[in-house]
Participant: 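Quick one: the structure is below, questions incoming.
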Amino acid sequence: KQEVTQIPAALSVPEGENLVLNCSFTDSAIYNLQWFRQDPGKGLTSLLLIQSSQREQTSGRLNASLDKSSGRSTLYIAASQPGDSATYLCAAFSSNTGKLIFGQGTTLQVKP
Amino acid sequence: DAGVTQSPTHLIKTRGQHVTLRCSPISGHKSVSWYQQVLGQGPQFIFQYYEKEERGRGNFPDRFSARQFPNYSSELNVNALLLGDSALYLCASSRTSGRLSDTQYFGPGTRLTVL
């Protein structure tokens, strides 16, 4: 059974800091891994999708990496801004179950 | 283009009642998925529909049902509501093959409160 875990549950950093969010999954048989952003009480916005054959994806100040062998993905945010404050969720598409499994999310606060 | 839309935005029901939630996908998207997100947790997969057929079902009781219409919009129905059904219900659409591995575009959600 695929389980996705995100640590820490919450993170607070000063503006301008580079930071890394972690995501781990138990079943390496994933088709891809997606990172989403969720603002309070809102829906999810897709940030990056990494196919299982890829090592990383970049979009602007965001860079996501994937290491299937170790069951880990990281989301790197460069030069953080207060507008980056949100909950970040990772989700693994399991090749075995054909389902998208989400982690619990990391709530990020960037202080001005 | 308009994004995924959901209605209503908020809903308050009492235990035992029935509720219907609605979702309109992005134009051209044929796949719709439903998720339940309890406060403080990640979304849990409920259903996926593609071309009006059920393609996947999560671990939810039979009180939960859904359907997709010819225009690809979708309804999620929940019968005999329980307090534990209180959550944000999210709808997502995707572009092509209907595989959940395609990039999912989420709507703003419907906040359901069961009293």
Side-chain angles (χ1 to χ4, degrees), chain A residues 1-10 21-25 27 29-54 57 59 64 66 68 73 86-107, chain B residues 2-7 9-11 21 23-26 29 31-50 54-60 86-113:
Chain A
K1 177 186 172 184
Q2 177 71 278
E3 293 183 1
V4 179
T5 304
Q6 292 183 248
I7 295 174
L21 306 181
N22 297 298
C23 172
S24 61
F25 46 93
D27 185 355
I30 64 169
Y31 190 79
N32 62 34
L33 188 134
Q34 301 181 41
W35 282 92
F36 295 89
R37 168 185 172 139
Q38 185 174 32
D39 292 292
K42 304 293 185 181
L44 279 64
T45 299
S46 178
L47 298 173
L48 290 165
L49 182 151
I50 314 174
Q51 300 292 352
S52 62
S53 58
Q54 298 174 318
Q57 280 284 355
S59 176
L66 175 64
K68 283 181 58 179
S73 176
T87 296
Y88 291 82
L89 294 145
C90 67
F93 178 77
S94 174
S95 300
N96 291 330
T97 66
K99 295 175 182 174
L100 195 61
I101 309 297
F102 281 85
Q104 311 94 311
T106 294
T107 299
Chain B
V4 177
T5 60
Q6 292 185 244
S7 63
T9 304
H10 296 88
L11 204 51
L21 310 181
C23 171
S24 292
I26 292 172
H29 286 194
S31 174
V32 170
S33 299
W34 287 95
Y35 295 81
Q36 180 195 66
Q37 186 177 24
V38 174
L39 194 63
Q41 297 184 18
Q44 299 286 319
F45 171 72
I46 310 175
F47 285 111
Q48 188 212 3
Y49 276 78
Y50 178 67
E54 182 182 305
R55 286 296 186 92
R57 174 185 287 252
N59 295 324
F60 282 81
S86 296
L88 181 67
Y89 287 85
L90 295 164
C91 172
S93 73
S94 61
R95 197 186 310 269
T96 51
S97 67
R99 290 174 62 88
L100 286 174
S101 60
D102 295 337
T103 298
Q104 301 288 298
Y105 296 88
F106 281 80
T110 293
R111 172 71 62 187
L112 172 64
T113 301

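Excluded from the calculations below are hydrogen atoms, water molecules and symmetry mates; all remaining heavy atoms, backbone and side chain alike, are included. Order of the sequence lines fixes the chain letters, A, B, ..., with proteins taken first and strands second; residue numbering starts at 1 for each chain.
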Participant: Checking A:Gln6 against chain B: side chain, backbone, both or neither under 4.5 Å from a heavy atom?
Facilitator: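 The answer is neither part of A:Gln6.
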Participant: Is it true that atom NZ of A:Lys42 has more than 12 heavy atoms of other residues, nucleotides or ligands lying nearer than 6.0 Å?
Facilitator: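 Incorrect, the count does not exceed 12.
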Participant: Please round to the nearest 0.5 Å and tell me the distance separating atom CZ of B:Arg57 and atom NZ of A:Lys99.
Facilitator: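 Answer for the CZ-NZ pair, B:Arg57 versus A:Lys99, is 10.0 Å.
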Participant: Under 4.5 Å from any heavy atom of chain A, what part of B:Gln6 do you find: side chain, backbone, both or neither?
Facilitator: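 B:Gln6 has no heavy atom closer than 4.5 Å to chain A.
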Participant: Looking only at heavy atoms, which two atoms of A:Gln34 and B:Thr103 are closest? And how far apart?
Facilitator: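 Smallest heavy-atom distance, with atoms named: OE1-CA, 4.0 Å.
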Participant: Identify the two heavy atoms, one from A:Phe36 and one from B:Gln104, that lie closest to each other, and give their separation to 0.1 Å.
Facilitator: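 In this case the closest contact between A:Phe36 and B:Gln104 is CE2-O, 3.8 Å.
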Participant: For residues B:Gly42 and A:Leu89, report the shortest heavy-atom separation together with the two atoms involved.
Facilitator: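 For B:Gly42 versus A:Leu89, the nearest heavy atoms are CA-CD2, 4.0 Å.
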Participant: Under 4.5 Å between any side-chain heavy atoms of A:Leu100 and B:Tyr35, yes or no?
Facilitator: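 They are in side-chain contact.
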